[in-house]
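Each chain gets a letter, A, B and so on, in the order its sequence line appears, and its residues count up from 1.
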Amino acid sequence: MSDLETFRKETIAWLEENCPAEMRKPAKSEADVCWGGRNFQFQSDAQKQWLEVNAARGWTVADWPAKYGGGGLNPAEAKILKQEMTRMGCRIPLSSFGIWMLGPALLQFGSEAQKLHYLPQIARGEIRWCQGYSEPGSGSDLVSLQTFGEDKGDHWVVNGQKVWTSYADKADWIFCLVRTDKEDKYRGISFLLFDMESEGVTTKPIKLISGNSPFCETFFDDVKVPKDQIVGQLNRGWDVAKYLLGHEREMISGGGVSNEMPSIGAAFNEIVALDPIMRAEMAAFDVDTLAFKAMGELFMDELKAKKGHPAQPNMMKYAGTELNKRRHELVMAAGGSEALEWESAATNNGAKARNWLRTKANSIEGGTSEVMLNVISKRILELPGA
Amino acid sequence: MSDLETFRKETIAWLEENCPAEMRKPAKSEADVCWGGRNFQFQSDAQKQWLEVNAARGWTVADWPAKYGGGGLNPAEAKILKQEMTRMGCRIPLSSFGIWMLGPALLQFGSEAQKLHYLPQIARGEIRWCQGYSEPGSGSDLVSLQTFGEDKGDHWVVNGQKVWTSYADKADWIFCLVRTDKEDKYRGISFLLFDMESEGVTTKPIKLISGNSPFCETFFDDVKVPKDQIVGQLNRGWDVAKYLLGHEREMISGGGVSNEMPSIGAAFNEIVALDPIMRAEMAAFDVDTLAFKAMGELFMDELKAKKGHPAQPNMMKYAGTELNKRRHELVMAAGGSEALEWESAATNNGAKARNWLRTKANSIEGGTSEVMLNVISKRILELPGA
Amino acid sequence: MPLFYDEDQSMLEDSAAEFIKTEAPVAHLREFRDKNCPDGFSHKLWEQFGEMGFNAIMASEEDGGLGMGLKEAGIIMKEIGKNLAPSPFLTTAVAGVEALNGGSKALRDRYLPGIIAGKTVLSLAIDESSKHRPEAIAMAAKRSGNGFQLNGKKQCVIHGISSDMMIVAARTAGSAGDIEGLTLFAVEKDTKGMEMDAVRLVDSAVAAHVTFNNVELTADAVIGEVDQGQEVLDRLLRAGRVASAAEMVGVGTGAMNITLDYLKERKQFGQRIGEFQGLQHRAAHLYSEMEIADAIVRKAAEAADAGVESAELLVSAAKAKVGVASNLAVREGVQMHGGVGMTDEYDIGLYMKRDRGLSEFFGDSRYHANRVAQLYGY
Amino acid sequence: MPLFYDEDQSMLEDSAAEFIKTEAPVAHLREFRDKNCPDGFSHKLWEQFGEMGFNAIMASEEDGGLGMGLKEAGIIMKEIGKNLAPSPFLTTAVAGVEALNGGSKALRDRYLPGIIAGKTVLSLAIDESSKHRPEAIAMAAKRSGNGFQLNGKKQCVIHGISSDMMIVAARTAGSAGDIEGLTLFAVEKDTKGMEMDAVRLVDSAVAAHVTFNNVELTADAVIGEVDQGQEVLDRLLRAGRVASAAEMVGVGTGAMNITLDYLKERKQFGQRIGEFQGLQHRAAHLYSEMEIADAIVRKAAEAADAGVESAELLVSAAKAKVGVASNLAVREGVQMHGGVGMTDEYDIGLYMKRDRGLSEFFGDSRYHANRVAQLYGY
């Protein structure tokens, strides 16, 4: 038996033994997701136990080095773990912006001391992170950032305001872009980490059209940030941010198609049998979904092999988010008047409608579709001008 | 009986008596169209006779004043004439850029002497006109016009090159935009008329993707143009040109829907019975056609009543030409492999394919769709900037 | 008749625009949403509609109305749409009145005065599944003595719990799909055996799922003729389709207008975002689509008012076209607003929600595109 | 297996790109069109294809081929598409060879060496109406002695008059729609009773309408089994669909590339037109569509080569997707070229014509979208 076959066998056995039955059913809603953090309320013992056994083994971040709290798996092993978890329906033990976003940036840009300090806490789900990028008046345009960190020798004093800070009201720490040089408009920005319990930090949830409030406005009023909490070089926070945005785009671009990516027409076959026009639209959509799935496979293959254009994540983000919005428009149409219900038990409190509205943000967050198209036209197609 | 009812009765009687049977069948191709002009070869005696009886009555241009060779009809009468000709299937006796384009501009901007000289010749189909606007390197951008008329006292000497001159090889005279002031880039252009048999004028047909050559490149090499052949004021040719482009846009925007505008799905009902996806597309197209037809009606109603936004013809041109292109894409799809035939008798020498390719110019000639969208966004929506 | 508004119609448009913008701007919708009003609309506003004469538009002069038609009703609907005003105008003063116009003098005398005065509210119980498909109506109305007994369910009856009378379509004969055998009934509020489940919809309208358990009706309740309800239903649907299409023109136009305003003021990368040609072209295309949608809705209203043969075709084309155009308007609207478009604070999301609701009401763009194909014989 | 090209495939791509760009650029198509060549392609180029080894891709090593698959054939097809090279590669070396792969050793020995050497040309007589609908094949092949007698008509047989052998699908039993009863025949050039009407198509390909009048064939002509031709036809169609889809990726990509070049050089209003964001966004969207179309075509080729169950679904999705994407590429291409795009002098119009031809070949995007729905069971 090859090493990988052995690994697969052992993995299956471990999952069978350690994954509680409750954690093998799909999460029903946002509330079932394990986000970790200082103030996290576990929904159940099973959820807590599932996090702990994974954290102990380093499998919340299976492909990170073991010394940083990871599982130290190679890519082939990590893929097998993912496959087997998917096959058995195991939930992700820990969802975390620390894992998806900050972690990769720290691995790339952090000092060894920072890695040893922050990464294991992220891996164990002890710190919940939020991201402070956007500001009022600068959505896709990060260059016009206003939040300012004044140099006070061994610390900065940060003043300003962020918006679209995901779960800022629930997060323990923030990774945040702060202007540290007012002269250099295009650089002059640094990537700082600080505790959300620092004096001077306040958050205010933003109510969305979906009725939910996953984002906040976040205010900084003379917040002290020690100098060792900068990632990467002073005034080079852009490099970190760009690297991290790339990760975010990959994550969001994957959103267009779920793992299973079932046929939408087949899911609504009774409806389309009565509505030939909807059937045609769904057939076109299924074609596009199959094609985007193939693109996703090609993209991942190229990414792994370090082939492909470096700006390709922008294309994936554009196409994937637009596709997902279309999917939810079709789901609403197929649902008809029932899908309009907003507060009924029969519709799980208007889940379809709320999910549909949520998807409208896909093509805005992490860089709008328009910004993605700009990047494609400049960096891939090399079209001239502004 | 009201005056209009009397007029209708008399019109019917006159048409019955004077329209040859052959002229009551639809024109089969471009070759059946009567363009008039010095060198025009009539396809048949009937075609010649039909032009002559109309010219004698002023009905080639029924709503022009009688003193300029028109029929002197009021709008209500002109509408009745058109209705009855349509009802009886009478062909248009004379197709002419003189009637559609130059005539209206002369009526608006010409001197009385010019009107008395040119308009009756246009009305009788004695002079065939072409239009010299576009130049290589200035398609939608007329400001960069290079053709130059040097002032020589009682005449200009014109040098330069035009492209997209419709039927320049068949035309007798040209109405032409010529730079008469090199300093003033935005004005400095005059609207001149001259004989295509003038020394120094040469034409070269442009072969199109449809296989036809309705357009030419036209070269001017020291062409003398007497000073009384200017329309409107010196260096204000733009005013005339813009007025005339408005007419052209109205003409082209009407192209999206024929008078009858039949259902495309019904026309191909056997094909769509086997192809539910095409049926859905055709249903959507029929919806759009019905809607655009209503828009055409509203637009014409508003035009007559001098209501509506003055830039609305740009919207009509945009929507109408895009719709017509879509129609021909669908016609080709419904035609399948038979519609691909290019030179067979069964397909009338590839008429479907050639017509389809011809429609691709709809959204380019007379101002591209992109220019129309620019105009809408600036003049109607009043969006800021360039 | 020209398709633009004549002098009287323009005056009506001006007064409706002014009145609704003043009395029921988007803030009015927010107020009724946020106080979780069980009706979902303001009875005071409804009376004001009556005072303005709006509710009299579709009633004949003989019945104390203005004897105008769907073109005029459409003018009101458009202003309702632009302001997202919650109102029973569509179900009551347009579709409801048009159904009553096909009913007996007794029924008209009973309901029209209250409607015209803005006191009475009607609701429409047509659909039996979550997609509009009136050709599949199957609910049973058995003869019972001199009257009828209703049993079955209706879905998504807007204003159901607030209405004084509900127009119910049911089968007195035949089975789903038959043209004959349909009958329309005027069912009074609180009639015994009716049960309603109120649900709030995404656009804050309140709909009811209605269950009929041995609901006994007298013969007086029949609107039109027994078994010949298709004709009255067609009137009702034609009116409802044109009016909801007109409201969608208003919704799309309102969404477009606030988006254009935003494009003119919001700055990004040092420019007003309305300067970007990528957005300009999309805005111009959207304008074109909305204008065309407006035109076919006017044309459909005119054709329905004139009772011409092509009316059915034009009405379905109108609902199909506006469904696509107004959906484009709200999608472009939210996207062009960027992040703030996702917040409840900005109005554009409310336009998106209303558009979704209206798109299902009286058949969506797919249903009507299919109907256009069927009417064309393919 | 990764979806990107491995080292060998990349080498094949490089050599095909270089070779075809050199030997058969768009000017080559123009030459053959303008001299009104009755074949519509160059026999010399066909031999060169043989020398390059391209024609051996789909044949098994046992038969003297390279034993590769549709993924590799698709690489050649894409380069053909980019350059609009007129070639019998698709009908002969891909779909034809794949059909022969399902036939007897005797047939393979008879035809494959000539194909591999670039001497032999095959054509495919499948369609009987102007839309691709192989499930409706009705042409009769009656048993006659030890052989068969063919009577009927086939439409739009590309390279029909130039081919040494024509693969003909006909019914030996059953009627249109039955799966059983189809048989595929290898019909030699100049067989008695065949009549051909050559017609030049919009993209300068030459097609034939073929009439079969008591065409007598021996049992040797049968490819695969009598009455069991569906299986061989499916192989042929799968290969033809993937290969034509790959050619369309090439056509769309070629059209996009020359359009991007034009956007970078052409000036209007004092700017290069590629600076206008309105065009940039459309170009970027087009790029995205073409990339995605390329991916599904690769995926379909891989699935067909692997013989997995999902191959039929992926193949139809590929032809459907690329049909839409490449149509967008040529429409945007002509429009963005402006006036010169309408002239025969520029190449973009030729791409538009080729796209149109290919879109019908082996079923258009609508046919295949419908097939995707059917395969998904709706």
### Query
Between Arg279(A) and Asn269(A), does any side-chain donor sit less than 3.5 Å from a side-chain acceptor?
no

### Message
Which atoms of Tyr287(D) are under 4.5 Å from chain A, going by heavy atoms: the side chain, the backbone, both sets, or neither?
### Response
side chain

### Summary
Okay, Asp294(D) and chain A: the region with an atom under 4.5 Å from a heavy atom over there is neither

### Query
For Arg298(D), is it the side chain, the backbone, both or neither that has a heavy atom under 4.5 Å from a heavy atom of chain A?
side chain

#### Entry: chain D contact via Gln312(A) - side chain, backbone, both or neither, heavy atoms under 4.5 Å
side chain

### Query
CD/Glu291(D) to CE/Met315(A) distance, rounded to the nearest 0.5 angstrom?
5.0 Å

### Message
When you measure from the side chain of His368(D) to the backbone of Asp364(D), do you find a donor-acceptor pair of N or O atoms at a distance under 3.5 Å?
### Response
no

### Query
Side chain, backbone, both or neither: which part of Ala291(A) has a non-hydrogen atom closer than 4.5 Å to chain D?
both

### Query
Are the side chain of Tyr351(D) and the backbone N or O of Lys82(D) linked by a donor-acceptor pair below 3.5 Å?
yes

### Query
Judged by atom type as modelled, is there a donor-acceptor pair below 3.5 Å linking the side chain of Asn314(A) to the main-chain atoms of Ala311(A)?
yes

### Task
Salt-bridge test for Glu84(A) and Arg87(A): reply yes if a basic N is under 4.0 Å from a carboxylate O, no otherwise.
yes

### Query
Checking Glu322(A) against chain D: side chain, backbone, both or neither under 4.5 Å from a heavy atom?
neither

### Task
Under 4.5 Å heavy-atom distance to chain A, tell me which part of Gln374(D) shows up: side chain, backbone, both or neither.
both

### Task
Check each atom of Leu314(D) against the heavy atoms of chain A and say whether the ones under 4.5 Å are side chain, backbone, both or neither.
side chain

